[in-house]
Each structure stands twice: as structure tokens, then as C-alpha cells.
Amino acid sequence: DDVQTVELSVYLLNQHDIQLDNISPHHSTEQVYRLCANKFQIEQPLQPYFALFFYQQKDDHLVLIRPLFSFESPFY
């Protein structure tokens, strides 16, 4: 099973980003969420307050559209 992996960019509200390496299309949103939480070192009790969002770039601002639900693919 030869699955191609990619580097996924996750952008913060201050427009900085982190890179998640070796992400495949088979990763669920929940798996990507856990990788982000680990990368940011968010402790387990605080993780319910963390979310991933779809956004649009408008001028020099990020506009949040809505949360990324667990059943959706992070490869939108």
C-alpha cells in the first residue's frame, strides 16, 4: 500500500504556521487534531477548548468560517 504523504500547514490567528509532517489522506480530522494538540503541548484537560477551523484569507486578515468537524477530511 503506497500512500503518498504531505506536509500540512496549520495557521494560527496571528498568521504564524506550524508544519505537520507525514500526513496522509487517510488521516482523520481527529488524528490531525491530536497531532496539533501534541505539537502545541496542550494538556489533556485543556484540549476541549482547542479547535481547527476553515478560514479564508481576506486582505491581511484570516476570517474564520467554521470549525472543522471530526467526520470531515482535513484535505479540503
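Bear in mind that the values here come from a model prediction, so they are computed numbers and not experimental data. Side chains are part of it too, since the values below use all heavy atoms of this structure and drop only hydrogens, waters and symmetry mates.
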Discussion item. Under 4.5 Å between side-chain heavy atoms, counting indirect links through other Ile/Leu/Val/Met/Phe/Trp/Tyr residues: same cluster for Val63 and Leu12 or not?
Written reply: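 No, because Val63 and Leu12 fall into different hydrophobic clusters, even though each may have its own neighbours under 4.5 Å.
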
How far does [atom1] of [X] sit from [atom2] of [Y], to the nearest 0.5 angstrom?
X: Gln4; Y: Ile23; atom1: CD; atom2: CD1; result: 13.0 Å
X: Leu8; Y: Leu20; atom1: CG; atom2: CG; result: 5.5 Å
X: Asn22; Y: Thr5; atom1: CG; atom2: OG1; result: 4.5 Å
X: Leu68; Y: Arg66; atom1: CG; atom2: CZ; result: 7.0 Å

Show me the donor-acceptor pairs, under 3.5 Å and distance only, between side chains in residues 40-57 and residues at least two apart or in other chains.
residue	atom	partner	partner atom	Å
Gln47	OE1	Arg34	NH1	2.6
Gln47	NE2	Ile42	O	3.0
Gln57	NE2	Asp59	O	3.4

Discussion item. Show every salt bridge (Lys or Arg N to Asp or Glu O under 4.0 Å) that has at least one partner inside residues 6-21, sequence neighbours left out.
Written reply: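 Applying salt bridge (Lys or Arg N to Asp or Glu O under 4.0 Å) to every pair that reaches into residues 6-21, excluding sequence neighbours, yields nothing.
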
